[in-house]
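Here's the structure, in structure tokens; my notes come after.
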Amino acid sequence: MAPTLGDTAPTGAAPVPTGPAPTGSGAATPSGAAAAAGTGRASWHRRVAALPLVYLAALVVLGFVHPFLPTWRWAAIHLLLLGAVSNAILVWSAHFAAAVLRAPAPDRRRAQAVRLGVLNVGVLAVLVAGTADRPWVGVGGAALVFAAVAAHLVGLARRLRHALPARFTVTVHYYLAAAVALLAGVPVGAWMLVVDDAGRPRLALFHAHVNLLGWVTLTVLGTLLTLWPTVLRARMADGAVRAATVALPLAVAGLALLGVGVLAWWRVVAAAGLALFTLAALVVLRPALAVARVRPPAGFAGWSLAAASGWLLVALGTDAVTLLSADDPATAADRFGAVLLPLLVGFVAQVLVGSLSHLLPMVLGGGPAPVRRRTALLERHGAQRVATANAALAVFLLPTPPFVRITTSLLILVVLVQFLVPAARVLLTARR
């Protein structure tokens, strides 16, 4: 979910593409992908790119067996966020940080592999705990997730401390803030596994907000600075870096106010924090809109990222209404489902799928021809997939009969399968 640049970091408002992945505001070139094979990067991504795909495939399976699993909603949320998205963030944000800081990736990625291993053992333990009612297994799993993300945070901080000044350093600052947010949210989630008291709704609201808006959304906002113009093959908008730099403290302050507000149930404070976070998102998205006006999205990745940005704003607006209209934390927690659907399906899932569709062909190496074939495969039926997913989600959110909701949810699963099948083919053929 956290897409990345190539090994060469951006150096100007419209740099010449020099690597297999985005360089800030120019299009990635297939010739750079050929060079990736010699650096070991292609081999690394062939090994780890399957991790998010496995969790997404598990979501499809869950969609068909959920009548037999009472906790399927909880499982679906954690398969997407803790499984697919967290793996993507650990892999791609490390890669992106190396690019923007102009620091070459290490020849041996043992530390990163260990972090991913620890993360996934923890994720599996949490999933087992939530579905089989083994709370202390979940606490142990949460501890492993905490350790993996803490190590990720330390690695990013060390790389930043030893890096030379770079124009896009702010992106790594977003990643650091996002990791701190997750480290605040994980212990609360673990506590909720073993304690069920009157304070649980407040903890649930805190856990959901700092993880979704902190860990996920901050990572996405920091990445869009360079990913978006690269996907559109356009010049970066003037002032985009300045906007991202201004927005980060606004987002962090807003997230802090929101967290305190829901824990203490000070609705006005929580709403003020959410408004500040929304303002930060708008500040980041404004330059992205300026780029899109000059060169509109013309493929699946661009359309997915654009639609996801729209759903983010819808979710934030819905969240504000939910918080302000609720008389107590329990009511707000019950109504948070109206926020989760557009945020998870409309924003998070579309960012993840759209980003991987753009990045996977570039980092797997092999030269221009394989890159073009992989891109064509992942972009196939792009307009239909984006239109189907977003129309289905919009209808699902309306007060419709059960059979309509079942149909629209199946359509969303079909669109996910339409991504997973070619993505699996891309990884399998890249290994040959």
Could you walk me through whether T217 and L312 satisfy the side chain to side chain contact (heavy atoms under 4.5 Å, CB included) test, starting with their C-alpha distance in whole Å, then the side-chain angles of each, then the deciding distance to 0.1 Å, before giving a yes or no? CA-CA 9 Å; T217 307; L312 171 62; 4.1 Å; yes
Evaluate the criterion side chain to side chain contact (heavy atoms under 4.5 Å, CB included) for residue pair L183 and V149; output intermediate values, then yes/no. CA-CA 7 Å; L183 295 180; V149 176; 3.9 Å; yes
Begin with the C-alpha distance, continue with both residues' side-chain angles, and end with the deciding distance and a verdict on side chain to side chain contact (heavy atoms under 4.5 Å, CB included) for V284 and L248. CA-CA 9 Å; V284 173; L248 180 57; over 6 Å; no
Steps toward side chain to side chain contact (heavy atoms under 4.5 Å, CB included) verdict (L227, S355): CA-CA 8 Å; L227 178 67; S355 301; 3.8 Å; yes
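Here the CZ atom belonging to R202 is positioned 14.0 Å from the CE atom belonging to M192, to the nearest 0.5 angstrom. The CG atom of L82 lies 6.5 Å from the CG atom of L119; values are rounded to the nearest 0.5 Å. A distance of 11.0 Å separates CG of L56 from CG of L413, quoted to the nearest 0.5 Å. The structure places CG of L80 at 10.5 Å from CG of L340, a figure rounded to the nearest 0.5 Å. Once rounded to the nearest 0.5 Å, the distance linking OG1 of T131 with CG of L69 reads 6.0 Å. With rounding to the nearest 0.5 angstrom, the CG atom of L360 is 9.5 Å from the CZ atom of R374.
With hydrogens and angles ignored, the 3.5 Å screen pairs no side-chain donor or acceptor of R158 with any backbone N or O of L156. R405 places a side-chain N or O within 3.5 Å of a backbone atom of F396 that can act as its donor or acceptor partner. S304 places no side-chain N or O within 3.5 Å of a backbone atom of A301 that could act as its donor or acceptor partner. Distance alone, capped at 3.5 Å, places no donor-acceptor pair between the W303 side chain and the A383 backbone. The main-chain N or O of A326 is found under 3.5 Å from a side-chain atom of R267 such that the two form a donor-acceptor pair. For N390 (side chain) and V386 (main-chain N/O), a donor-acceptor pair under 3.5 Å exists by modelled atom type. Between the side chain of T171 and the backbone N or O of G222, at least one donor-acceptor pair lies under 3.5 Å. Using modelled atom types, one side-chain atom of E379 and one backbone atom of F300 make a donor-acceptor pair closer than 3.5 Å. The backbone N or O of H358 sits nowhere less than 3.5 Å from a side-chain atom of T375 that would complete a donor-acceptor pair. W228 places a side-chain N or O within 3.5 Å of a backbone atom of A288 that can act as its donor or acceptor partner.
Put simply, the side chain of V415 reaches to within 4.5 Å of the side chain of Q418, judged on heavy atoms. With a 4.5 Å cut-off on side-chain heavy atoms, T169 and V100 do not count as touching. With a 4.5 Å cut-off on side-chain heavy atoms, H78 and V123 do not count as touching. With contacts defined as side-chain heavy-atom distances shorter than 4.5 Å, the pair L212/L344 qualifies. Looking at L282 and L313, their side chains come closer than 4.5 Å, going by heavy atoms from C-beta outward. Looking at heavy atoms from C-beta onward, L323 lies in side-chain contact with W265 at the 4.5 angstrom threshold. For the pair F277 and L218, the minimum side-chain heavy-atom distance is below 4.5 Å. Here the side chains of R102 and F168 are not in contact, with every heavy-atom distance at 4.5 Å or above.
Within the cation-pi definition used here (under 6.0 Å to the ring centroid, within 45° of the axis), R385 does not qualify as a partner of F419.
When all heavy atoms of A243 and V283 are compared, the pair lying nearest together is O-CG1, 3.4 Å. Annotation for L257 and G273: closest pair CB-CA, 3.7 Å, computed over non-hydrogen atoms. For the pair P329 and L205, the tightest heavy-atom approach, listed with the atom from each and the gap, is O-CD1, 4.0 Å. Across every non-hydrogen atom of L356 and L378, the tightest pair is O-CD1, 4.4 Å. Annotation for R159 and A94: closest pair NH1-O, 3.4 Å, computed over non-hydrogen atoms. Counting all heavy atoms, side chain and backbone alike, L250 lies closest to A280 at CB-CB, 3.9 Å.
A side chain to side chain donor-acceptor pair (under 3.5 Å) check over residues 331-348, counting only residues at least two apart or in different chains, returns the pairs S325-R335, D328-T331. Within the structure, every pair that satisfies the ring pair (Phe, Tyr, Trp, His ring centres under 6.0 Å) test and touches residues 178-213, not counting sequence neighbours, is listed here: H209-F336.
By the 30° and 60° cut-offs, the orientation of the rings of W72 relative to H66 is tilted.
Atom CZ of R161 has more than 12 heavy atoms from other residues, nucleotides or ligands within 6.0 Å. More than 12 heavy atoms of other residues, nucleotides or ligands sit less than 6.0 Å from atom CH2 of W74.
Side-chain contact annotation: Y174 with S93, donor-acceptor N/O pair under 3.5 Å absent.
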